Amino acid sequence: MDTTALILSIIGAINWGLISLFQFDLVAWLCGGQTAWLSRVVYGIVGLAGLWCITLLFRRDRSANRDVQRRAAT
C-alpha cells in the first residue's frame, strides 16, 4: 500500500509540475477533461494517496526510535 500511495503521489506531483510549467493537465488530457468523471476519480485517488503518505512520516520516526532503543539495549 505504501509503494502504491507513493507512486500515485509522484504522478500527482508530476501532473502539478506540468500544469505549472506548461499549463498542461495530463490527467485531464488522458481522461477527457477536468470535469469528466474519470478525471475526478483519478484526482480523488491521488489525493487519498497523498493523505496516506503523511502516515509514512510518522511511521518512519517510530521505526527509527525502535532501532535506537534496540541498539541501546544491546
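Along the sequence shown, the residues carry numbers beginning at 1. Please read these numbers as outputs of a predicted model, since none were measured by experiment.
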Check: Ser39 side chain, Thr35 main-chain N or O, donor-acceptor pair, under 3.5 Å: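 Here the side-chain-to-backbone pair does not exist.
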Under 4.5 Å between side-chain heavy atoms, hopping through other hydrophobics if needed: is there a path connecting [X] to [Y]?
X	Y	answer
Ile11	Leu21	no
Trp29	Leu18	yes
Ile10	Phe24	yes
Leu8	Leu51	no

Rounded to the nearest 0.5 Å, how far does [atom2] of [Y] lie from [atom1] of [X]?
X	Y	atom1	atom2	result
Trp52	Leu6	CH2	CG	13.0 Å
Ile14	Ser9	CD1	OG	11.0 Å
Asp25	Asn15	CG	CG	4.5 Å
Asp2	Thr55	CG	OG1	6.0 Å

Residues that, via side-chain heavy atoms closer than 4.5 angstrom, fall in one hydrophobic cluster with Trp16: Ile19
Over all atoms of both residues, closest heavy-atom pair of Gln34 and Arg40: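 Answer, listing the atom of Gln34 first, then Arg40: O-CG, 3.9 Å.
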Within-4.5 Å side-chain heavy-atom neighbours: Ile45 and Leu48: no
